[in-house]
Amino acid sequence: EISSCKAQCRKKVVTMSIHIVGYLFLVGIMLSAASEETPLSRIGFGSCNRQNKPQEYWKQIVALKPDIWVWGGDIIYGDRMVLPLLFLEATEQDLIEKYAVLKENKYYKELLETGIPVIGTWDDHDFGMNDGGEDVSIKEKSKEHILKFLDVPKDAEQFQHDGIYASYEYGPPGQKIKFILLDVRYFRKSDDVLGPAQWAWLENQLNNSDAQLNFIVSGSQVIGVDAFYRETWDVQSLEKLYSLIAQSKASGIMLLTGDVHYSEILKNDCRKFNYPIYEFTSSGMTHSVENIPFVSTLATNTYSRWSLIGQTGKNFGTIEVSWDSEEPLVSIQSRTPETGAILFQRQFLLRDVQYNATRERHNEAACFRDEDLGIFGWKKIPKPITTSFFLSSFAAIFVLVIYRLFFKKPNKPVQKDD
């Protein structure tokens, strides 16, 4: 009887242990699922990062504890500048070595060690050529190395098509954020930024989104098409994008952009849209136009007429969403890399950018102003022409200075007759 009792007790203990282990397993699964559904409250964002410049600013970013980091392009500078504004296309070895420099940097490693998602797209310099487009010969190898740098798994959607465009969703229903990462380089032509396949994909992404915030990430600026010298979207592509946004009925569409080496917030509240469309440009993590004579002045004096605020110093961006508030607030913040302090910010209520079919709009503003004439009333001048103008001007000034210093003979005093 005693041995029988012991056997039964052992059986009960084993059964109970199995139940406990099963229960803990289910709890673990539930907790894991719950962590995946935690809404993003702080998003880190930046672009234009020279891998060979100091990277200590990652300490400030890590200290802010972002829930995700989003690269907006120019993660590294893969191409080679041989003269000011004159570049040679990157080689594969250039890309391998420069991505390795950044990924092995001890400060950037601190970000990776937090375990937060790191996602992103490219612009021209990490694509392989300054202002490059569909004809850049290194683009396939460039795609291979940026996806490797970002640790994109082999079964991800980027490997299923040309280019690196992709989308990611985070958060539970009602607090969902979607990132739509565009590729504005692989297919780029003078009159089309995205190419047919990517346009169709983007339309599908917007039409089928149930997110409360949809961040469209573009390596180059979008709304500021009236800027004097910057490389932005061409007008045809911009018109097509505006039409897709207006027809999609997606909520909370906001543009995240880079490229220009300063930070800026733009806003387009034209009659096509159900709510205002904001663009947040955060560009210049390791370098900016602030201390470049003439360029800094040109940048600030030719901000797009859609611009709300901007500054020319080095910067990175954060976007905060107060989901727990009775009225969730979205805060767009430009921060200094030196201390992480806020340089400027703009805030708006989340409900003000949610699609509402019954919303009455009284705004009759056009989506384009004065056909987007340039600063002097001209049509926007193509960048190759402005680049040639700047190079020619600098060359002329340089030659003039050399001439006056080394070749011009001093004026002889004129002797007057008595």
| field | Whether S167 side chain and I180 backbone form a donor-acceptor pair below 3.5 Å | value | no
| request: Would you check if the side chain of Q55 reaches a backbone N or O of K53 as a donor-acceptor pair within less than 3.5 Å? | output: yes
| note | Output for pair (L213 CG, Q175 CD), nearest 0.5 Å, gives 11.0 Å
| note | CG (L241) and CG (L194) are apart, to the nearest 0.5 Å, by 7.5 Å
| Rounded to the nearest 0.5 Å, how far apart are OH of Y57 and NZ of K59? | 13.0 Å
| query | Just checking, K139 and Y186: is the charged tip under 6.0 Å from the six-membered ring centre and within 45° of the axis? | reply | yes
| query | Is it the case that more than 12 heavy atoms not belonging to D191 sit under 6.0 Å from its CG atom? | reply | yes
| message | So does Q212 get a backbone contact from the side chain of S251, meaning a donor-acceptor N/O pair under 3.5 Å? | response | no
| task | Side-chain contact test, heavy atoms from C-beta onward, threshold under 4.5 Å: evaluate it for L181 versus F215 and give yes or no. | result | no
| query | Just by distance, do the side chain of D183 and the backbone of G163 share a donor-acceptor pair under 3.5 Å? | reply | no
| said: Looking at K65 and E320, is there a salt bridge between them, counting it only when a charged N and a carboxylate O are closer than 4.0 Å? | reply: no
| note | Closest heavy-atom pair, P173 versus E37, reported as atoms and distance to 0.1 Å, is CD-OE1, 3.9 Å
| query | Does V330 offer a backbone N or O that forms a donor-acceptor pair with the side chain of Q347 under 3.5 Å? | reply | no
| message | The criterion is ring-ring contact (aromatic ring centres under 6.0 Å, His included); which residues satisfy it with F127, sequence neighbours excluded? | response | W122
| remark: Here the salt bridge (charged side-chain N to carboxylate O under 4.0 Å, His left out) pairs for residues 198-225, sequence neighbours left out, are K176-D210
| said: Please evaluate residues N274 and R359 with respect to the criterion side chain to side chain donor-acceptor pair (under 3.5 Å), reporting the C-alpha separation (whole Å), side-chain torsions for both, the decisive distance (0.1 Å), and the verdict. | reply: CA-CA 7 Å; N274 186 256; R359 176 180 286 139; 3.0 Å; yes
| task | Please confirm whether the backbone N or O of E169 pairs with a side-chain atom of K178, one donor and one acceptor, at under 3.5 Å? | result | no
| query | Would S137 and E89 count as having a side-chain donor-acceptor pair, cut-off 3.5 Å? | reply | yes
| said: Can you confirm whether the side chains of D74 and S47 place a donor and an acceptor under 3.5 Å from each other? | reply: no
| message | Which heavy atom of H287 sits nearest to which heavy atom of N49, and what is that distance? | response | CE1-N, 4.4 Å
| message | Between S237 (side chain only) and V193 (backbone N and O only), is there a donor and an acceptor less than 3.5 Å apart? | response | yes
| query | Are K314 and E338 ion-paired here, with the side-chain N under 4.0 Å from a carboxylate O? | reply | yes
| query | Name the one of V222, T121, D123 that satisfies side chain to side chain contact (heavy atoms under 4.5 Å, CB included) with V184? | reply | D123
Determine all donor-acceptor pairs shorter than 3.5 Å in which one atom belongs to a side chain in residues 105-112; sequence neighbours excluded.
unit_1: N105; atom_1: OD1; unit_2: Y107; atom_2: N; d: 2.8
unit_1: N105; atom_1: OD1; unit_2: Y108; atom_2: N; d: 3.2
unit_1: Y108; atom_1: OH; unit_2: W71; atom_2: NE1; d: 3.3

| task | Kindly write out the residues that satisfy ring-ring contact (aromatic ring centres under 6.0 Å, His included) with F159, not counting sequence neighbours, or none if the list is empty. | result | none
| task | Could you tell me which non-hydrogen atom of C48 sits nearest to which non-hydrogen atom of G284, and how far apart they are? | result | CB-N, 3.5 Å
| remark: Between I119 and L150 the two heavy atoms that sit nearest each other are C-CD2, 4.5 Å
| request: For the pair T257 and Q221, evaluate side chain to side chain donor-acceptor pair (under 3.5 Å) and give the outcome as yes or no after the intermediate values. | output: CA-CA 5 Å; T257 59; Q221 280 196 318; 4.7 Å; no
| query | From L238 CG over to C367 SG, what is the distance, rounded to the nearest 0.5 angstrom? | reply | 8.5 Å
| remark: ring pair (Phe, Tyr, Trp, His ring centres under 6.0 Å) pairs touching residues 307-349, sequence neighbours excluded, are Y278-F348
| task | Taking ring-ring contact (aromatic ring centres under 6.0 Å, His included) as the test, write out the residues that go with Y99, two or more places apart. | result | F149
| request: Quick one: closest heavy-atom pair of Y275 and I253, and the distance? | output: OH-N, 3.0 Å
| field | Aromatic ring pairing W201/Y165, orientation class (parallel under 30°, perpendicular over 60°, tilted between) | value | tilted
| message | W199: which residues meet the side chain to side chain donor-acceptor pair (under 3.5 Å) condition with it, sequence neighbours left out? | response | D192
| Which residues pass the side chain to side chain donor-acceptor pair (under 3.5 Å) test with Q93, sequence neighbours left out? | E97
| request: May I ask you to test the I116-P66 pair for a side-chain heavy-atom distance under 4.5 Å? | output: yes
| query | How far does NZ of K103 sit from CD1 of I76, to the nearest 0.5 angstrom? | reply | 12.0 Å
| query | Quick one: do R188 and D124 make a salt bridge, cutoff under 4.0 Å? | reply | no
| request: Just jot down the ring-ring contact (aromatic ring centres under 6.0 Å, His included) partners of H125, sequence neighbours excluded, or say none. | output: Y77, F87
| message | For D324, is there any backbone N or O sitting under 3.5 Å from a side-chain donor or acceptor partner on S322? | response | no
| Check: G219 main-chain N/O paired with R185 side-chain donor or acceptor under 3.5 Å | no
| query | What residues form a side-chain contact (heavy atoms from CB on, under 4.5 Å) with P54, not counting sequence neighbours? | reply | E56
| remark: Sorted by chain and residue number, the side chain to side chain donor-acceptor pair (under 3.5 Å) partners of D67 (sequence neighbours excluded) come out as none
| said: Rounded to the nearest 0.5 Å, what separates atom CG in L95 from atom NE2 in H145? | reply: 6.0 Å
| Contacts of type side chain to side chain donor-acceptor pair (under 3.5 Å), residue E327, not counting sequence neighbours | R351
